[in-house]
Amino acid sequence: MYLLAGRTGNGEFLVVPLDSTGLEIAPARRLSFAEFLGEVIAAEEGSPRWVWEDTSRLYPLLLAAGVRVQRGHDLRLCHAILRQSSLTATSDLATAAPSRWDNGLVVLPEEPSPGSTLFDLGFAEDGTAEASSDSDAQAEFRLQLAAVAACAEPGRLRLLLAAESAGALIAAEMQFAGLPWRTEVHDRLLTRELGPRVAPGLRPEKLESLARRIRTELGDPQVNPDSQQDLLRALQRVGLSMSSTRAWELQKLEHPVIAPLLEYKKLARLLSANGWFWMDTWIVNGRFHPEYLPGGVVTGRWATRGGGALQLPKQVRGAVIADDGWKLVVADAAQLEPRILAALSADTAMATAGRGTDLYAGIVASGVVETRDHAKVAMLGAMYGATTGESGRLLPRLARAYPRALALTETAARAGERGETVTTRLGRSSPRPGESWLATQAQAYHPGATDADEGRARSQARDWGRFTRNFIVQGSAAEWALCWMAEIRRELRLLRAPEGTVPGASPVFSDAPHLVFFLHDEVIVHTPTGLVEEVERIVTRAAATAGRHLFGDFPVDFLLTVATVDSYDQAK
DNA sequence: GACAATGGCGCC
DNA sequence: AGGGCGCCATTGTC
């Protein structure tokens with residue numbers, strides 16, 4: 001059963017029961033927020049699928065009121081998928097003129113003040129964004145259902161839309177719950193690395209002394225190590241010929257300035273990216289609440305906004321600490337993308353290499369290459385489109401051992417080079433290249449085309465080929481991860497903490513295990529200690545379930561590394 | 001002063 | 001001739 005929910009311009013909530021084709025089976029009801037909450041709680045008994053425009057705008061209101069839902073259908077996210085998918089290319093939805101569903105729903109980020117994001121994830125005061133009527137949302141939903149029903153493989157898209165929508169619920173819940181974070185531990189860590197905290201704009205002691213050493217070694221008392229131009233000129237003056245100040249370029253050189261400079265860069269990065277200012281900005285009441293953006297990356301991966309949540313450096317993970325009486329279950333899908341590639345291409349040899357073991361080790365054991373590192377470099381090269389270096393040299397051996405897998409990546413690359421799209425396992429298609437790409441290609445076929453024109457077109461075509469080559473693997477991996485998380489969430493909901501559990505600090509989630517972090521192929525569950533083993537079982541079982549959802553009976557293992565820890569840095 | 005581009009680096 | 005991101009400081013431009 002579907003329940004369409006929305007909000008009117010004057011702040012009322014609407015609920016409309018719909019049948020399986022999106023037709024209403026009862027009239028819309030207009031409700032106050034309190035009535036709406038009651039309606040949601042009552043309706044959840046029947047596990048309805050809530051259909052709404054934008055989970056990220058409506059669901060936080062429910063969470064703030066202590067209400068969760070089981071299933072959703074996010075019209076905005078699902079529209080984006082169906083609009084692009086090659087599986088629904090001839091549908092009314094995909095062939096219609098662009099509408100507000102294509103761009104009008106994008107809400108500008110508010111002031112990035114994490115303290116307020118929880119409870120005023122707001123709605124436009126004047127109701128402009130909500131001027132959309134419920135009938136518009138209902139019409140959109142019907143178009144979506146029709147597009148899926150008419151496509152050649154509706155099962156794939158149904159699963160994708162359900163997974164994407166579950167992801168939207170999870171994203172809102174994780175933002176709400178937040179990642180447990182101890183500011184006093186973070187502060188100690190920063191003080192140890194950088195010296196005591198100083199006023200903004202000043203360098204902490206250790207950075208300042210490194211800066212002095214750098215100036216001494218370069219014989220220039222003025223040089224600012226934060227300025228690339230400055231630094232590059234100074235380096236060249238002391239005879240270091242280089243074209244950039246990148247750390248890996250510096251590492252190759254011999255000079256007394258190199259060591260302090262590399263150290264400076266490392267610490268300066270820590271200070272600017274995850275220093276005290278970051279901590280004050282993003283940690284609220286012992287929780288880090290980044291905003292997750294499902295579907296924020298073209299491939300279907302998530303993006304985040306605020307705090308750089310997907311780039312949390314290992315350096316600061318020691319500050320991620322479970323509440324007293326609770327644990328963090330950190331689970332990481334081992335060699336996810338190669339396993340996805342093996343399954344996508346039905347390459348049983350590659351799947352066998354990963355059966356019950358580290359897939360790269362399995363490749364070595366099969367005699368394809370000599371070391372795990374070679375196996376990894378070669379695989380990444382196949383998926384990213386490397387042509388030179390060690391990776392390029394190893395590729396032919398990989399191609400002999402795993403012809404099906406390598407043929408799939410090559411085919412995806414060739415499609416991209418021709419400007420065609422590729423489609424993931426569940427039906428997310430890559431975007432078409434833009435106008436300027438097409439113009440550059442056309443230019444190369446022009447009668448008067450120069451060698452430079454052709455060179456430019458070839459290089460650009462190869463760039464797009466690398467993109468589509470990676471898209472199909474990265475995007476399918478993102479789908480696996482969505483299914484994995486959705487399954488974890490579904491099973492966690494059924495757990496209740498045993499008697500005597502110390503409540504956690506998050507309302508709504510204070511007595512039950514819940515997801516608190518997601519990083520492409522890794523999740524963290526915050527759980528009462530008494531449920532650790534059950535959570536580990538759930539996470540592990542969910543990986544197998546996700547594999548079956550995507551690839552049926554194809555015999556590929558999705559192995560996890562699972563670590564139950566007090567602090568995140570203890571995992572791995 | 002506001003904004004955009006760039007280099008650089010963190011994560012997968 | 002290595003895919004996808006977000007964020008920061010510096011620098012360039014209006």
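Computation of the quantities below employed the complete heavy-atom set of this structure, encompassing side-chain atoms and omitting hydrogens, waters and symmetry-equivalent molecules. In what follows, chains are A, B, ... by sequence order, proteins preceding strands, each numbered from 1. No experiment lies behind these values; they were computed from the predicted model shown.
Atom pair A:Glu249:CD and B:dC9:P shows a separation of 10 Å (rounding to whole Å applied). With rounding to whole Å, A:Tyr264 atom OH is found 15 Å from B:dC9 atom C1'. The distance between atom CZ of A:Arg246 and atom C1' of B:dT6, rounded to the nearest whole Å, is 11 Å. Whole-Å rounding puts the A:Arg469 CZ to C:dA1 C1' distance at 12 Å. Note: CG (A:Asn274) to P (B:dG8) measures 20 Å, nearest angstrom. Atom CZ in A:Arg393 sits roughly 13 Å away from atom P in C:dG2 (whole-Å rounding). In this structure, CZ of A:Arg305 is placed 19 Å from C1' of B:dC11, rounded to the nearest angstrom. Whole-Å rounding puts the A:Phe277 CZ to C:dA9 C1' distance at 13 Å.
In this structure, A:Gly307 reaches the sugar-phosphate backbone alone: every heavy-atom distance under 4.0 Å involves primed, P, OP1 or OP2 atoms, never a base. Residue contacts for A:Gly306: at a heavy-atom cut-off of 4.0 Å it reaches the sugar-phosphate backbone alone, with no base atom in range. Using a 4.0 Å heavy-atom criterion, one finds that A:Ala268 contacts no nucleic acid atom at all. Within the nucleic acid shown, A:Arg317 comes within 4.0 Å of sugar-phosphate atoms alone, with no base atom in reach, counting heavy atoms only. At a threshold of 4.0 angstrom between heavy atoms, the contacts of A:Arg466 are confined to the sugar-phosphate backbone, with no base atom among them. Within 4.0 Å (heavy atoms only), A:Val473 reaches no atom of the nucleic acid at all. Among the heavy atoms of the strands, none lies under 4.0 Å from A:Ser391. Among the protein residues, A:Ser272 comes within range of the sugar-phosphate backbone only, with heavy atoms under 4.0 Å from sugar or phosphate atoms but none that close to a base.
Looking at A:Arg301, its side chain comes within 3.5 Å of the base of B:dC12 through a donor and an acceptor atom. In the interface, the side chain of A:Gln228 is not paired with the base of B:dG8 through any donor and acceptor atom under 3.5 Å apart.
Taking the six-membered ring for Trp and thresholds of 30 and 60 degrees, A:Trp464 and A:Phe467 have ring planes inclined between 30 and 60 degrees apart.
Distances shorter than 4.0 Å separate some side-chain N or O of A:Gln229 from OP1 or OP2 on C:dG12. OP1 or OP2 of B:dC12 lies within a sub-4.0 Å distance of a side-chain N or O belonging to A:Lys314. Residue A:Thr245 places at least one side-chain N or O closer than 4.0 Å to OP1 or OP2 of B:dG8.
In this structure, the nucleotide among C:dG4, B:dC12, B:dG10 sitting nearest to the side chain of A:Pro313 is B:dG10. Out of C:dG2, C:dT10, B:dC12, the shortest distance to the side chain of A:Leu380 is found at C:dG2. The side chain of A:Glu522 lies closest to B:dC12 when the candidates are B:dC11, B:dC12, C:dG3. Comparing C:dG6, C:dA1, B:dC11 against the side chain of A:Thr388 picks out C:dA1 as the nearest.
Crowding of A:Lys265 atom NZ: a count of heavy atoms from other residues, nucleotides or ligands under 6.0 Å exceeding 12. Residue A:Arg541 places its CZ atom among more than 12 non-hydrogen atoms of other residues, nucleotides or ligands, all under 6.0 Å distant.
The backbone N or O of A:Leu169 lies less than 3.5 Å from no partner atom in the side chain of A:Thr55, so there is not a single donor-acceptor pair.
Residues A:Gln474 and A:Gly308 both approach DNA chain C. Their nearest nucleotides, taken by heavy-atom distance, put A:Gln474 toward the 5′ side. When the nearest nucleotides of DNA chain C are assigned to A:Asn224 and A:Thr387 by heavy-atom distance, the more 5′-ward of the two goes with A:Thr387.
The aromatic ring of A:Tyr384 sits over the base of C:dG3, with ring centres less than 5.5 Å apart and planes inclined by under 30°.
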Test A:Val523 against A:Trp484 for side chain to side chain contact (heavy atoms under 4.5 Å, CB included), laying out the working first. CA-CA 10 Å; A:Val523 298; A:Trp484 182 40; 3.8 Å; yes
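For the atom pair CD (A:Glu208) and CG (A:Leu210), the distance works out to 9.5 Å, reported to the nearest 0.5 Å.
Exactly one of A:Trp278, A:Phe288, A:Trp282, A:Phe277 qualifies for a ring-ring contact (aromatic ring centres under 6.0 Å, His included) with A:His186. That residue is A:Trp278.
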